[in-house]
Structure formats: C-alpha cells, structure tokens
Amino acid sequence: MTVQEPVGADPHSCEEYGYGLGRPDGILILKYRSAALLDFGESRQDFLHQFYWSPTGVLATRHGTRTRFVGGGEVFWVHRAVTHEVRAADQQTVYRVCLRQVPPALADLRAGAAAIDDEAARLLPVIARKGCAEDTALTARARIMAGLGAPVAESSAGPAGGPGFAMTVARAISHDPGDPTRLDEWADRLHISVKTLQRDFEREFGMPYSRWRTRLRLLASRVLLETHPVTEVAHRVGYASPSSFITAFAREYGYTPGRHTPRETT
C-alpha cells in the first residue's frame, strides 16, 4: 500500500501502522499530528479506499466544487480513484485509514461524510499504536468497518433509530458552521420544543447549543485561517462582523486570529 504524503508544512509526527497488508482484509493507518495546516492537497488513490477522521477538531473536505466540514462524530469517506482534498488545523490529530474493501454501508458513496459509531472511534487509536498484535488489529478492523454508518443525510428530517435530536442538528451544522439557523428553528424542523432540544444538547455534549455552535465555528475557523483572511473567515463561519469573530476567537484560544498568516496554496 502506497499513499501520497501531505503537502505544505511538515506535521509534528506521522506514525504508520499496517496489518494484513497485501490481503483483502488488510488495513493501513497513518496517524498525523499537525504542526500548522495539515493539507493533503488535491489527490486521488487509484488502488485504495480511504477515510479521514479527527477526534480533536474539524476537517475541511472537498469533492468536486463543494467544500464541507466534517466533525469528530463522522469520517470523510473516499472511494478509490476519486479526487478529493482534506485539510486540518494546527495541533490537530488526523487518522488516515486505507482499505482494499468497502464497508457495507458505504457501497454507494463515492466521497462524503459518513457516521462512525463510538466503538469504532474507540478502536482506531487502540490499533494505531506500537505493540498491537496483528490478530487483535484485524479483529478490530472488522468492527471498525461495521461501525462506519450510512452517509450522513443533507437534510435534518429528524433522528432515525439511535442519534438524538442534538446529534441530528450537530451533524447538519458540522457540514456548514456558518449556518444561521436558530435553535427555535431547528426545534420546529424536528417537531419538538426548544426546551427538549436544549436539554438534548446538554445531555449529548455537556453544553448548551450556543456554546457548542461557537466551539464548532472556532474549530472550523482555524482550518480556514491558514489560507483565507480574517474577514472572509469570520463571515464563512457565521459571524456578522470580523470584530465579533476576533473577540470570540481570542476568548477561546488566548490569542487573536491574526496570528495565522494566510499562505498561498497550490
């Protein structure tokens, strides 16, 4: 298995773990820790399927002409021979997983966000470390494959067997952090009360909707700031003015977004 390395700044670290390589049920995991922007550039892999997952931030992804964001409860799936781009922010951990087989639930997805369940997310770091036995890793691989769910719907028609109301809203906003939809509007779409939705956010994420949305927007902004000016990023992630964005960013991270200097991309 051979994959293209990221472009741009070198990551702090890149660890590689392969199990059953050369076999149909093999798996290759590359674990990156970003220094600055982690940019995989426009790439395609003609022989391997891939998915990208970050437990510590938001991934900016592109397939075709559309850019969307993928949060920690999802992966970005890419079928082999499909051109795509993935970017992560500074100080972010990204797992890039290469497979010869397609998870059953993703058979019809060429590229896009897909769900990853809690057990699959727990197992990925377990097998991406030194000393993991191959038999253990391949057993975990089978569970990870089963834990990759159907592509995340574009609409927010409501939860269907499993995720709560807050998770439905969170997945929709993760794809577009600048979405201006208010909490009461989400509640109307889901045919529930505002109080019920707020309570579900506190149960699922340990914080109210407004706090969760602010954190998502700021995480997404860190990816964009490496290649876009502050004013553009502020509007892209949903702030009415650059000053309100700068204030929120500085409150969260202890420095202003101007510390990130946009660089040219190729």
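When a residue number appears, it is its place in the shown sequence, counting from 1. No experiment lies behind these values; they were computed from the predicted model shown. When reading the values below, keep in mind they use all heavy atoms of this one structure, side chains included, and skip hydrogens, waters and symmetry mates.
When each of Arg44, Arg96, Gln45 is checked for a side-chain hydrogen bond (donor to acceptor under 3.5 Å, both in side chains) with Gln50, only Arg96 meets the rule.
Using a 3.5 Å distance cut-off with no hydrogens or angles, the side chains of Glu85 and His63 do not pair a donor with an acceptor. Judged by distance alone, the side chains of Ser54 and Gln92 do bring a donor and an acceptor atom under 3.5 Å apart. Residues Thr196 and Ser193 have side chains that bring a donor and an acceptor to within less than 3.5 angstrom of each other.
Side-chain N or O atoms of His49 include none that pairs as donor or acceptor with a backbone N or O of His79 at under 3.5 Å.
When side chains are defined from C-beta on, Val86 does not count as touching Asp39, because their heavy atoms never get closer than 4.5 Å. Contact of the Trp212 side chain with the Glu204 side chain is not registered, since no non-hydrogen atoms from C-beta on lie closer than 4.5 Å. At least one side-chain heavy atom of Pro177 sits under 4.5 Å from a side-chain heavy atom of Phe69. Inter-residue side-chain proximity for Glu74 and His175 is flagged as met; some heavy-atom pair is nearer than 4.5 Å. Taking the side chain as every heavy atom from C-beta outward, Ile144 and Phe51 approach each other to under 4.5 Å. Taking 4.5 Å as the limit, some side-chain heavy atom of Leu183 sits within range of a side-chain heavy atom of Gln198. Side-chain contact between Leu30 and Tyr95: absent, with no pair of heavy atoms (C-beta onward) separated by less than 4.5 Å. Side chains of Leu218 and Tyr239 form a contact here, defined as non-hydrogen atoms less than 4.5 Å apart.
Annotation: cation-pi pair Arg189/Trp186 present, NZ/CZ under 6.0 Å from the ring centroid and within 45° of its normal.
For the atom pair OH of Tyr19 and CZ of Arg141, the computed distance is 13.5 Å after rounding to the nearest 0.5 Å. Note that the CD atom of Glu16 and the SG atom of Cys98 stand 9.0 Å from one another [nearest 0.5 Å]. Taken from CG in Asp179 to CZ in Arg217, the straight-line distance is 8.0 Å, to the nearest 0.5 Å. Rounded to the nearest 0.5 Å, atoms CG (Asp25) and CD (Gln101) are 6.0 Å apart. Between Ile127 atom CD1 and Lys31 atom NZ the span is 11.5 Å, to the nearest 0.5 Å. Atom CD1 of residue Ile246 and atom OG1 of residue Thr256 lie 7.0 Å apart, to the nearest 0.5 angstrom.
Ala234 approaches Ser241 most closely through the heavy-atom pair CB-O, 4.2 Å. Considering every non-hydrogen atom in both Val102 and Met145, the closest pair reads C-CE, 3.9 Å. Summarising the geometry of Arg222 relative to Gln91, their closest heavy-atom pair is NH2-CB, 4.1 Å, with the distance given to 0.1 Å. Listed here is the closest heavy atom pair of Leu148 and Pro103: CD1-CG, 3.6 Å. Considering all non-hydrogen atoms of both residues, Thr181 and Tyr209 come closest at O-OH, 2.9 Å. Minimum interatomic distance between Gly18 and Leu28 (heavy atoms only, all atoms of both residues): CA-CD1, 4.1 Å.
When the shell of 6.0 Å around CZ of Phe47 is examined, it contains 12 or fewer heavy atoms from other residues, nucleotides or ligands.
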Test log, rule ring pair (Phe, Tyr, Trp, His ring centres under 6.0 Å), inputs Tyr52 and His84: CA-CA 11 Å; Tyr52 301 77; His84 63 282; 5.6 Å; yes
Step-by-step side chain to side chain contact (heavy atoms under 4.5 Å, CB included) determination, Leu59 to Val223: CA-CA 8 Å; Leu59 298 175; Val223 183; over 6 Å; no
Test log, rule side chain to side chain contact (heavy atoms under 4.5 Å, CB included), inputs Trp77 and Leu99: CA-CA 11 Å; Trp77 167 258; Leu99 304 162; 4.2 Å; yes
Phe245/Val233 under side chain to side chain contact (heavy atoms under 4.5 Å, CB included): CA gap, chis, key distance, verdict: CA-CA 9 Å; Phe245 166 62; Val233 172; 4.0 Å; yes
Chi angles and distances behind the side chain to side chain contact (heavy atoms under 4.5 Å, CB included) call for Ser174, Val70: CA-CA 6 Å; Ser174 290; Val70 175; over 6 Å; no
Let me have the donor-acceptor pairs involving side chains of residues 104-119, under 3.5 Å, with sequence neighbours excluded, atom names and distances please.
| unit_1 | atom_1 | unit_2 | atom_2 | d |
| --- | --- | --- | --- | --- |
| Asp117 | OD1 | Glu119 | N | 3.3 |
| Asp117 | OD1 | Ala120 | N | 2.8 |
| Asp117 | OD2 | Arg143 | NH1 | 3.1 |
| Asp117 | OD2 | Arg143 | NH2 | 2.8 |
| Glu119 | OE1 | Arg122 | NE | 3.1 |
| Glu119 | OE2 | Arg122 | NH2 | 2.7 |

What side-chain donor-acceptor pairs closer than 3.5 Å can you find for residues 131-138, not counting sequence neighbours?
| unit_1 | atom_1 | unit_2 | atom_2 | d |
| --- | --- | --- | --- | --- |
| Glu134 | OE1 | Gly20 | N | 3.4 |

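Salt-bridge formation is detected for the pair Arg62/Glu42: a Lys NZ or Arg NE/NH1/NH2 atom is positioned less than 4.0 Å from an Asp or Glu carboxylate oxygen. Taking the charged nitrogens against the carboxylate oxygens, Glu202 and Arg199 have no contact shorter than 4.0 Å, which rules out a salt bridge. Ion pairing between Glu252 and Arg211 holds under the 4.0 Å rule for side-chain N and carboxylate O.
Between Tyr255 and Phe249, the ring-plane angle classifies as perpendicular under the 30° and 60° cut-offs. Ring geometry, Phe40 versus Tyr32: the interplanar angle exceeds 60°, so the pair is classed perpendicular (tilted spans 30 to 60°).
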